Amino acid sequence: MCNQPHTPKSFASLQPDGFDAVVVAGGDFPTHAVPLTLVEQARMLAACDSAGEELIRRGYMPTAIIGDCDSMSQEFLTAHRDIIYKVDEQDYNDLTKATRFCVERGCRRIAYVGATGKREDHTLGNISLLDFYRREMHIAALMATDHGVFLSASGTTELATFAGQQVSIFNLTCSHLEGDGLRWQPYAFAAMWQGTLNEATGESITLHGDGSYMVYGVYE
């Protein structure tokens, strides 16, 4: 059984052992040390469809490969049938199918890697799913890219940072949004671009909103 829910609180130093599961999507395979460490130290490593082949090719063995399996060769399906979970329904994408797999096994703290890059529509869709997972599946979801970290939040959220760290805030449903520890005061942005390229002034920031928002912080 995986651990109980816990919201990630740090952009400054991710703890790879702080997640119950790591989901690898079929975007660009990570090269930065942070997402690679998440993959290497994952308690449960769930791969979205073709990402399973990529993981195995690179020497990693996923706990499970989840998806419609339409991009896998019959030879691969046969060789790894014990860890392949085929889900035919098309209402949700493979990232959500893999997330469901983890949630059904008690996981509540999930990190996502390989979810950006390649097709831009997939990248935008995957990032937006973090809010859906938090609201509808009640999990603490964090996405680590080669450049930084996305997370979904609501209400008051305190995050560990470092002075000079670039932070972007994307308002989703807030009519009121403000914060402490930032170079520029955030507000209930009406457009996605308005909250980009802010900056932490010290070792933490605190955001206060009356709805949902997304936060992105770059690595040190």
Side-chain angles (χ1 to χ4, degrees), residues 7-15 18-19 23-38 93 95-96 99 110-136 139-220:
T7 301
K9 293 295 184 183
S10 178
F11 283 159
S13 58
L14 290 177
Q15 301 298 320
F19 299 97
V23 174
V24 181
D28 288 341
F29 198 84
T31 60
H32 191 278
V34 169
L36 283 176
T37 300
L38 288 171
N93 67 0
L95 197 74
T96 302
T99 300
I110 302 176
Y112 298 85
V113 303
T116 59
K118 295 183 179 176
R119 279 181 53 171
E120 290 83 1
D121 54 344
H122 289 177
T123 291
L124 287 171
N126 288 342
I127 293 170
S128 70
L129 278 169
L130 293 178
D131 181 66
F132 175 75
Y133 297 157
R134 180 186 60 78
R135 290 184 295 102
E136 300 297 328
I139 62 175
L142 180 148
M143 184 178 292
T145 76
D146 275 342
H147 304 282
V149 173
F150 285 98
L151 63 82
S152 171
S154 65
T156 297
T157 304
E158 182 179 0
L159 298 168
T161 57
F162 57 86
Q165 182 177 18
Q166 290 201 326
V167 176
S168 293
I169 303 156
F170 303 95
N171 181 32
L172 300 178
T173 64
C174 294
S175 59
H176 177 80
L177 180 63
E178 61 182 30
D180 304 307
L182 290 157
R183 184 173 180 183
W184 294 283
Q185 179 62 230
Y187 57 94
F189 308 115
M192 298 289 280
W193 62 267
Q194 291 177 315
T196 59
L197 302 178
N198 209 325
E199 186 177 299
T201 58
E203 295 182 353
S204 69
I205 63 171
T206 303
L207 296 169
H208 309 276
D210 61 359
S212 299
Y213 48 90
M214 198 87 71
V215 190
Y216 174 84
V218 300
Y219 300 130
E220 188 169 6

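Note that the coordinates shown come from a computational prediction; the quantities given were computed from them, not determined experimentally. What you see below is based on every heavy atom in this structure, not just the backbone, and it leaves out hydrogens, waters and symmetry mates.
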Testing T96, L38, I110 for side-chain contact (heavy atoms from CB on, under 4.5 Å) with V23, which one passes? I110
With a 4.5 Å limit on heavy-atom distance, are the side chains of Y219 and V149 in contact? yes
Heavy-atom check, side chain of L159 versus side chain of L151, under 4.5 Å: yes
Which pairs count as salt bridge (charged side-chain N to carboxylate O under 4.0 Å, His left out) when at least one residue sits in residues 122-134, sequence neighbours excluded? D131-R134, D131-R135
Any pair with a residue in residues 165-174 that passes salt bridge (charged side-chain N to carboxylate O under 4.0 Å, His left out), sequence neighbours left out, goes on the list, sorted by first then second residue, please. none
Applying ring-ring contact (aromatic ring centres under 6.0 Å, His included), name anything that partners H147, two or more places apart in sequence or on another chain. none
Among all residues two or more places apart in sequence or in another chain, which pass the ring-ring contact (aromatic ring centres under 6.0 Å, His included) test with Y133? Y112
Which pairs with one or both residues in residues 191-203 pass side-chain hydrogen bond (donor to acceptor under 3.5 Å, both in side chains), sequence neighbours excluded? none
Pairs where residues 113-122 contributes a residue and the test side-chain hydrogen bond (donor to acceptor under 3.5 Å, both in side chains) is met, not counting sequence neighbours: R119-D121
Once side-chain hydrogen bond (donor to acceptor under 3.5 Å, both in side chains) is applied, do any residues pair with D180, and if so which ones, sequence neighbours excluded? H208
Set of side-chain hydrogen bond (donor to acceptor under 3.5 Å, both in side chains) partners for T145, sequence neighbours left out: none
Using atom types as modelled, flag every donor-acceptor pair under 3.5 Å from a side chain in residues 166-174 to any protein atom, sequence neighbours excluded.
unit_1: S168; atom_1: OG; unit_2: L197; atom_2: N; d: 3.0
unit_1: N171; atom_1: OD1; unit_2: C174; atom_2: N; d: 2.9
unit_1: N171; atom_1: ND2; unit_2: C174; atom_2: O; d: 3.1
unit_1: N171; atom_1: ND2; unit_2: F189; atom_2: O; d: 3.0
unit_1: T173; atom_1: OG1; unit_2: S212; atom_2: N; d: 2.7

Looking only at heavy atoms, which two atoms of I205 and G181 are closest? And how far apart? CG2-O, 3.4 Å
When you measure from the side chain of Y187 to the backbone of S175, do you find a donor-acceptor pair of N or O atoms at a distance under 3.5 Å? no
Hey, is the main chain of G209 close enough, under 3.5 Å, to the side chain of E178 for a donor-acceptor pair? no
Any residue meeting salt bridge (Lys or Arg N to Asp or Glu O under 4.0 Å) with D146, in chain and number order, not counting sequence neighbours: none
